[in-house]
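These figures come from a predicted structure and were not determined experimentally.
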Amino acid sequence: MDKHFNPAKIEAKWYEFWEKTGQFKADPEQPGEPYCIVIPPPNVTGILHMGHALNNTVQDVLARWRRMQGRNVLWLPGTDHAGIATQNVVEKALGTDGKSRQDLGREAFIDRVWQWRFQYGDTIVNQLKKLGCSCDWSRERFTMDEGLSRAVAEVFCSLYEEDLVYRGNYIVNWSPRCGTALADDESEHEPNEGHLWHVRYPVAGQPDAFVEIATTRPETLPGDTAVAVNPKDERYTHLHGKYVILPLSNREIPVVVDDYVERDFGTGVVKITPAHDPNDFFVGQRHDLPALNIMNDDGTMNEHSGYDGLDRFECRKKIVEDLEKGGFIVRVEPYTNSVGHCYRCDTVIEPRLSKQWFVRMQPLAKPAMEAVRSGRVKFTPKRYENVYFTWMENIRDWCISRQIWWGHRIPVYTCTCGHEWATPATPEECPKCQNSSEEISQETDVLDTWFSSWLWPFSTLGWPEKDSRDLKFYYPTSDLVTAPDIIFFWVARMIMAGCKFMNEPPFSNVVIHGVVRDSEGRKMSKSLGNSIDPLDIISKYSADSLRFSLMQITAPGVDLHVDMGKFEIGRNFATKIWNAARFMMMHAEKVPFFDWQDVAANGIKLEPSILRDDDKHILYACSKTIETVTSSLGKYRFQDAALAIYDFIWANFCDWYLEYAKGNLYGGDDVRLRQTMLILADVFGKALRLLHPFMPFITEELWHAMGFGDDEESIMRAPWPKPYSASQNSKWSVSEEIYNFVESKREMITAGRALRADSNLPPSQEITFAVNAISSKVQNKMQEDLEYIKKALRAGSIEFSSEPLSGFPFTTCALGAIGIPLEGLVDVEAEKIRISEEINKLTGFLKTVEAKLDNETFLSKAPQKIIDQQKARREELLADIERQKKILELSDK
RNA sequence: GGGGGAUUAGCUCAGUUGGUUAGAGCACUUGCUUGACAUGCAAGGGGUCACUGGUUCGAGUCCAGUAUCUCCCA
C-alpha cells in the first residue's frame, strides 16, 4: 500500500462496482421500511457548482446512512428542462450561425433543443456520479419525459375544470430580452442608482396652475391616464375632481384620490400608468382608468407613445430632453430604488399588461399551510417555517404562462366555433360542434418550468398512473434537501401540489442547508470569478475530501464560507485513516488466521482477564461515538456527526489507542497481540462504517483491502454499527468510570510531556519522572500500565512517591502530581513564583465557588446537583491549595 | 419600509433544555527523520463571548434596546 491515499486510482473503480452490482437500485418488493429522497432536479443546462456539491452530499449521506440502517432506500434523480435557460442556450448557438428560432419555426426549433439535450444534457448527471451520489439512475427522470408531461397536462386540465386556472389581462413581469412573462419571484430586485425627476403637469382650465409629480420612469409618461393624491393630504384637496394636462401629449387626465399614495414620497402626487406599473395597475382598476400600452414586447416604444420604435432607455433620455425644452422639469435629484431584473438574463424587468394564465393560489395554500402547522411536514431549521407561513399567507396568484417554445405547451384548444376547452390529449374534433381538427388551434404559450417541478415528488414515481408500485410504496417521500432560496419557487408549491393531487404532503422533512460562499462571504458566481469548481477539488483532493470537508463545516441552515484550504481537512483525514489501516494490516499478518471478515460479521469475543484500562477506554469511546453520530444524523446535524467521527478516529483511536496498542503489537505476547488486533479490527471496522456515508470511496477501498467483506459485497450494505451491548460492557467491565480514569491518566501524561518541553529536555533523553498519586488505588492502577506510561512519556523510569512532590518542577492533576526530579534543574525562585501564581489562580476560583455557597438564595434555589458540584469543587480546591502551600513551605527550607 | 439571521481566538465556525476555569480546525510559536502517517507527532500562546440595560441564586446561552453585517420580501 502507498504511503498516501491515491484517490484517482479507486474512485472510478468503486463507482462502477456500485452501479454494476446494483447497489443503488431500489426495489419496492424488497424488505425494509421505505426511505425516499427526490433530488432537487438541477437544470439540464447546469454544470456542477459548490451548491450542488453540498446539496447532493447531504442527500447522499442520508441515503447511504439509511441504507445501512436497513431501510428500503430510493434516491430518485433527474433534471428539469429549464424552459427559458435552455431556450436561451440553444438560441445563442443558433445566433452564431446568424439564425433565429423564428427562422427555424417552432417544431424545428424544438427538435434542435432536444438534440442539444441529448448531446449535453447529461453533463451534470455525470458530475454527480463523480461526487459519489448513490442515486438510482435506472429511475432517472426529466421534466419533459412522456410520463412527466402527462402529469403536467393532467394537472393543468384538472385545475382548468375546477376553475383554478384562469386567463386574465394582468400586469406581469416582462423580460424584454427573453420575450416572456416571469413569475413574481423570478424577478429579482436589485438597487438601481437612478434619478427622481420632478415634473410639472398643468392643471386643466387654470392657466399658470401646476401640480408637481415625482417619477423615476419619465418614459412611461405618455401612458399616464391619471395622477393621484392621498385623500388625507390637505395640500391637494383643491385638486379633487379636477383634471391635469399631460405634458407632451396634451391629453387631459383626471386627478384621482387613493390611499396607495404616500404623502411623504416626492411631492405627494404620483402619475398613474396602469399598463406599465403594478401598483398603478391596481389603482387603475379601482378607479376604472383606461390602461394605455405604450411599449412593444421587445422593450421599444410603440405608436401610442409618440416615440415609436425608440428603445425604452433611449426614450427616457429623449423625453427628459423634451420635457426640459417645454419647461416642465422642476428639478432632478439622484435616487436609488429597487428595480426588478430577470433571473435568467438580468435585463431590467418591464411591467407589462398582457393576457396570461394564472393559478388561483389561495385554495391550494390552505391545506398546504395546515400540513406544516400540524407537523406533518417539518422544516429544519424550524425558523424556515415562518418564512413559509409568511409567504403563504400573502400568496398571490401564480403566473404560469411563458411566451417561449421550449416547455409544456398549454393544453387548451379553441375551435373556430368559439368553444374553448382543456384536454391532455390532442383533440380530433371539437366536442361542441364536432368540427374537425383543422378548425382547432392550440394555445401557443408554454408552462412555467416550475409547473412541472411542483409535481416532481409524485410525477417521478409514476403518477398519474394510479397503481404505480413505486408511488404506492415510496410516496410520501421522507426528506427533501434544499437551499433556502427555492422555498417559494419550489418547496411550498410541491407541498400544495402534494396536498391537492395526492391528498398527502409530498415529504415529512424539509432540510434546509446554507448557501456556499467564498471566504469573503460573497455568493459564488461566474461574474465575480470567485467560484470554486467542485471537480477541481475532486481531482486535486478527492471526492471524499470534498464531501467530508463540506459536511465538517456545515451547520444547519448557516451559510458556508469556503476556500481551498478547507478541503485539506478532508484530504489530511483520508491520509490519516489510510495510514492507520496500513499499520493495522501490517500487524495482522503476524496473527495466524486473523479473520477481519469474521470480526465484521460476528463481532469479537474478548478475554476479560487480559483487558486493560486503555482497551476498555476505546471500547467505551467507540460506543459513545456510534451514539453521537447516529443521533446527530437523525437531527440532520451533519457537522456534529462528522466532527464526532473525525475526533474519534484521529484524536482517540490514532493518537492514543494505536500508540498504546503498539506495546502489545510489538510485545511478543501472542495472546495479547491477538486480542489487541481483535479490538483494533472491530473498532476500526465500526469507524469505517460510521464514516462511509461521508467518505464512501476510501471506506469501500479499505473495507475490501483489509478484508472486512467479500469481494462482491459493498460496505454500503454493511449494517450500521451499534454500541456494544450492556452484557458485553459488563463482561468486559467497560464503564464510564474507567473511561474517565483513562482520560485522567492521559491528562497526567500530557502534563509530564509539558514539563519535559518546558525544561528543554530533548525528547530522546530517557528521563525519570516522579509521581505522587492521590491514592494507593490509583498508584496500583498506574503500575499495571507502567510500560505504556513510560513509553508515552519516553521515560527511563517512574518513581512513585508517597510524599508530596517538591524541589523540582511538577504539575498537579486529577490523579496526583507528576514531576521531573532532577537536581539543579530548576530555578528555585522561578519555581516559587510559579507555585504562588498557581495558588493565586486557585484561590480566585475558590472565591467564586465560596461566594456561591455563602449565598443563601443560591442554596435555597439552585438544584441540589449543582450545589453538590460546587461543594465538591470547594473541597478539591481547598486540598489543592493546601498541597501547593505545603510545597512552597518545603522549598523555603 | 416589513421580516429572518448573524456578531464567540488572527481566520472559519461549534457551544442542543441557563449551571465547574468558553471549545475545534486553520494560521502562529517551540521542539521532533518517535519502528502507520511531516497530508505527520508532541507541547504552547491567543477570547472583557459586538455594546447597553433587564430577568435570575447564576447569562456566551433568556428578554428589551443600540450598532454593524447579511439574506428574504415589498
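Atom CZ of A:Phe389 is separated from atom P of B:C73 by 19 Å (rounded to the nearest Å). Summarising the geometry, the separation between CH2 on A:Trp650 and P on B:A42 is reported as 10 Å, rounded to the nearest angstrom. For A:Leu658 and B:C37, the CG to C1' distance is 11 Å, given to the nearest whole Å. One atom, NZ of A:Lys635, and another, P of B:U17, lie 11 Å apart when rounded to the nearest Å. Spacing between atom CD1 of A:Ile349 and atom C1' of B:A74 amounts to 16 Å, rounded to whole angstrom units. One can place OH of A:Tyr646 at 19 Å from P of B:G23, the figure rounded to the nearest angstrom. Rounded to whole Å, the distance from CZ on A:Arg794 to C1' on B:U33 is 12 Å. Put simply, CZ on A:Phe567 is 19 Å from P on B:G25, counting in whole angstrom units.
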Extract from the structure each pairing of a protein N or O with an N or O of nucleotides 57-61 of chain B at less than 3.5 Å, listing the distance.
unit_1, atom_1, unit_2, atom_2, d
B:C57, OP1, A:Lys861, NZ, 2.1
B:C57, O4', A:Thr857, OG1, 3.2
B:C57, O2', A:Asn855, ND2, 3.1

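Remark: A:Gln869 engages no residue in a side chain to side chain donor-acceptor pair (under 3.5 Å) (not counting sequence neighbours).
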For RNA chain B, what is the dot-bracket line, given that a base pair needs Watson-Crick (N1 to N3, plus N6-O4 or O6-N4) or G-U wobble (N1-O2 and O6-N3) geometry with both distances under 3.5 Å, and | means paired with another strand?
(((((((..((((.....[...)))).(((((.......))))).....(((((..]....)))))))))))).
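Heavy-atom minimum distance, A:Thr811 versus A:Leu755: OG1-CD2, 3.5 Å.
At least one test fails for A:Lys790 against the ring of A:Phe769: distance under 6.0 Å to the centre or angle within 45° of the axis. Cation-pi geometry between A:Arg493 and A:Phe488 is not met at under 6.0 angstrom from the ring centre and within 45 degrees of the axis. Cation-pi geometry between A:Lys576 and A:Phe5 is not met at under 6.0 angstrom from the ring centre and within 45 degrees of the axis.
Backbone-only contact: A:Asp655 has heavy atoms under 4.0 Å from sugar-phosphate atoms and none from a base. Using a 4.0 Å heavy-atom criterion, one finds that A:Thr750 contacts the sugar-phosphate atoms exclusively. Among the protein residues, A:Arg571 comes within range of the nucleic acid bases, having at least one heavy atom under 4.0 Å from a base atom. Contacts of A:Gln639 with the nucleic acid, taken as non-hydrogen atoms under 4.0 Å apart, involve only primed sugar atoms and P, OP1 or OP2. Residue contacts for A:Ile866: at a heavy-atom cut-off of 4.0 Å it reaches a base atom on one of the strands shown. In this structure, A:Ala580 reaches the bases: a heavy-atom distance under 4.0 Å links it to at least one base atom across the strands shown.
Remark: A:Asn572 is in phosphate contact with B:G40, judged by side-chain N or O atoms under 4.0 Å from OP1 or OP2. Between A:Lys662 and the phosphate of B:U34, there is no side-chain N or O to OP1/OP2 separation shorter than 4.0 Å. Contact check, A:Lys3 against B:A38: a side-chain N or O comes under 4.0 Å of OP1 or OP2. For the OP1/OP2 pair of B:A36 and a distance below 4.0 Å, the side-chain nitrogens and oxygens of A:Tyr666 include at least one atom meeting the criterion. Contact annotation: A:Arg753 side-chain N/O to B:A43 OP1/OP2 distance is under 4.0 Å. Taking side-chain N and O atoms only, A:Arg637 has a distance below 4.0 Å to OP1 or OP2 of B:G15.
Between B:C73, B:U34, B:A36, one nucleotide has an atom nearer to the side chain of A:Met586 than all others, and that is B:A36. Across B:U34, B:A36, B:U39, the shortest atom-to-atom separation from the side chain of A:Phe583 is found for B:A36. Of the candidates B:A42, B:U12, B:C73, the closest approach to any side-chain atom of A:Lys566 belongs to B:U12.
Nucleotides B:U55 and B:G65 are separated by 15 Å at their C1' atoms, to the nearest Å. B:A27 and B:G19 are spaced 32 Å apart, taking the P atom of each and rounding to whole Å. For the C1' atoms, the distance from B:A22 to B:G47 is 9 Å, rounded to whole Å. With C1' as the reference atom, B:G10 and B:G53 are 31 Å apart, rounded to whole Å. Taking atom P in both B:C13 and B:A6, one finds a spacing of 13 Å when rounded to whole Å. B:U20 and B:G58 have their P atoms separated by 15 Å, given to the nearest Å. Nucleotides B:G4 and B:G46 have their C1' atoms positioned 34 Å apart, rounded to a whole Å. Separation of the C1' atoms belonging to B:C57 and B:U52 is 23 Å when rounded to the nearest angstrom.
The existence of a salt bridge linking A:Asp544 and A:Arg571 is excluded, since no basic side-chain nitrogen approaches an acidic carboxylate oxygen closer than 4.0 Å. With respect to the salt-bridge test (charged N to carboxylate O, under 4.0 angstrom), the residues A:Glu350 and A:Arg217 qualify.
A distance-only check finds a donor-acceptor pair linking the side chain of A:Ser860 to the backbone of A:Thr857 [under 3.5 Å]. A distance-only check finds no donor-acceptor pair linking the side chain of A:Asp258 to the backbone of A:Ala228 [under 3.5 Å]. Counting only distance, with no hydrogens or angles, the side chain of A:Asn579 and the backbone of A:Thr575 share a donor-acceptor pair below 3.5 Å.
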Might you work through the side-chain hydrogen bond (donor to acceptor under 3.5 Å, both in side chains) test for A:Asp536 and A:Tyr541, ending with a clear yes or no?
CA-CA 8 Å; A:Asp536 285 350; A:Tyr541 293 124; over 6 Å; no
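Map A:Ile569 and A:Asn279 each onto its nearest nucleotide of RNA chain B; the residue landing nearer the 5' end is A:Ile569. Map A:Ala754 and A:Gln552 each onto its nearest nucleotide of RNA chain B; the residue landing nearer the 5' end is A:Gln552.
By the 5.5 Å and 30° criteria, A:His4 is not stacked with the base of B:C37.
Annotation: side chain of A:Trp578 is not in contact with side chain of A:Lys3 (no heavy-atom distance under 4.5 Å).
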